[in-house]
Amino acid sequence: MPHWLFKSEPSAWSWDEQVAAGEAGTPWTGVRNHLAKKHLQAMRVGERGFFYHSNDGKAVVGIVAVIREYYPDHTDPSGRFGMVDLKAVEPLPRPVTLDAVKAEPDLADMVLIRNSRLSVQPVTEAEWRAVRRLGGL
DNA sequence: GCCAACGTTGGC
DNA sequence: GCCAACGTTGGC
């Protein structure tokens with residue numbers, strides 16, 4: 001099963017807010033990049049991803065699940081981009097910082113390192129297991 | 001279709 | 001606050 005990584009600045013949308021949204025989840029609005037869009041379109045209900053705090057925090061802090069597949073993003077006036085709905089699944093007992101990811105040789109090829117500006121990223125099975133382990137799961 | 005100018009992201 | 005990386009826009 002594919003895995004993903006979603007980036008958000010906590011000042012805009014934080015893990016705590018995602019948790020507070022509960023089982024109903026929330027739409028992941030605001031993606032305006034074609035590669036990120038492609039990843040959103042590939043997502044299926046039940047797939048999981050990491051929730052990453054960019055800028056303020058710079059750490060993987062939790063795990064989310066896709067609960068609704070790709071549909072139009074009403075916040076996009078051009079109508080070209082869409083979104084999925086996500087819900088919080090569980091926090092990482094220990095957030096995995098960007099520094100910790102960089103310090104792990106097995107994670108050197110993570111998209112988070114290689115293409116740091118991409119806001120929705122694929123995560124390989126090996127990367128998924130390694131980050132979970134670093135996070136105490 | 002090319003590419004310079006510009007805007008945004010995100011680490012530092 | 002700076003700036004490198006990268007994506008988008010628009011003139012030609």
Side-chain angles (χ1 to χ4, degrees):
Chain A
M1 180 180 288
H3 299 292
W4 311 99
L5 183 146
F6 300 88
K7 285 201 305 199
S8 182
E9 292 194 39
S11 61
W13 180 251
S14 71
W15 170 251
D16 285 347
E17 288 171 290
Q18 188 70 59
V19 170
E23 287 294 306
T26 49
W28 196 260
T29 57
V31 169
R32 299 291 183 268
N33 171 283
H34 291 290
L35 185 52
K37 170 183 172 178
K38 192 175 80 116
H39 296 319
L40 289 175
Q41 288 174 313
M43 291 177 192
R44 295 297 169 257
V45 168
E47 291 176 358
R48 299 197 168 188
F50 292 126
F51 191 109
Y52 176 82
H53 276 164
S54 62
N55 283 323
D56 183 13
K58 284 182 290 177
V60 178
V61 292
I63 290 175
V64 291
V66 177
I67 57 171
R68 180 175 174 185
E69 291 173 13
Y70 191 83
Y71 64 107
D73 181 345
H74 57 85
T75 69
D76 174 23
S78 79
R80 286 181 297 171
F81 293 95
M83 59 195 181
V84 298
D85 285 3
L86 300 179
K87 70 167 184 180
V89 174
E90 59 183 340
L92 295 191
R94 295 190 306 266
V96 178
T97 63
L98 183 61
D99 284 346
V101 171
K102 285 182 173 173
E104 174 57 57
D106 292 345
L107 297 177
D109 285 334
M110 269 192 88
V111 178
L112 189 64
I113 309 299
R114 289 256 163 141
N115 184 4
S116 64
R117 288 188 49 196
L118 186 63
S119 63
V120 179
Q121 311 177 354
V123 172
T124 69
E125 187 64 34
E127 291 162 353
W128 180 256
R129 283 198 297 264
V131 172
R132 283 179 59 96
R133 178 171 43 75
L134 289 172
L137 286 177

Reading DNA chain C in the 5' to 3' direction, which nucleotide is the first one with an atom under 4.0 Å from a heavy atom of chain A, and which is the last?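 From 5' to 3', the first and last contacting nucleotides are dA5(C) to dT9(C).
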
Considering residues at least two apart in sequence or located in another chain, which fulfil the side chain to side chain contact (heavy atoms under 4.5 Å, CB included) criterion with [X]?
| X | result |
| --- | --- |
| Ser11(A) | Glu9(A) |
| Ser14(A) | Pro10(A), Asp16(A), Glu17(A), His53(A) |
| Asp76(A) | Arg32(A), Asp73(A), Ser78(A), Arg80(A), Phe81(A) |
| Val19(A) | Trp15(A), Ala88(A) |

*Looking for any heavy atom pair under 4.0 Å, which part of the strands does Leu118(A) touch: base, sugar-phosphate only, or nothing?*
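Result for Leu118(A) = nothing.
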
Would you list the atom pairs, donor with acceptor, under 3.5 Å between side chains in residues 58-71 of chain A and any protein atom, with sequence neighbours excluded?
from	atom 1	to	atom 2	distance (Å)
Glu69(A)	OE2	Val45(A)	N	3.0
Tyr70(A)	OH	Gly82(A)	N	2.9
Tyr71(A)	OH	Asp85(A)	OD1	2.6
Tyr71(A)	OH	Asp85(A)	OD2	3.4

| request: Mind running a 4.0 Å heavy-atom check of residues 107-117 of chain A against DNA chain B and sending the residues that fall below it, in number order? | output: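 Within residues 107-117 of chain A, the residues near DNA chain B are Ser116(A), Arg117(A).
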
### Task
Could you tell me how the ring of Phe51(A) sits relative to the ring of Trp28(A): parallel (under 30°), tilted (30 to 60°) or perpendicular (over 60°)?
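Perpendicular.
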
Mind listing the side-chain donor-acceptor pairs of residues 98-113 of chain A below 3.5 Å, one per line with the distance, residues two or more places apart or on another chain?
from	atom 1	to	atom 2	distance (Å)
Glu104(A)	OE2	Asp106(A)	N	3.4
Asp109(A)	OD1	Arg114(A)	NE	3.4
Asp109(A)	OD1	Arg114(A)	NH2	2.7

Apply ring pair (Phe, Tyr, Trp, His ring centres under 6.0 Å) to Tyr52(A) and list each qualifying residue two or more places apart in sequence or on a separate chain.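 With sequence neighbours excluded, Tyr52(A) shows a ring pair (Phe, Tyr, Trp, His ring centres under 6.0 Å) to no residue whatsoever.
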
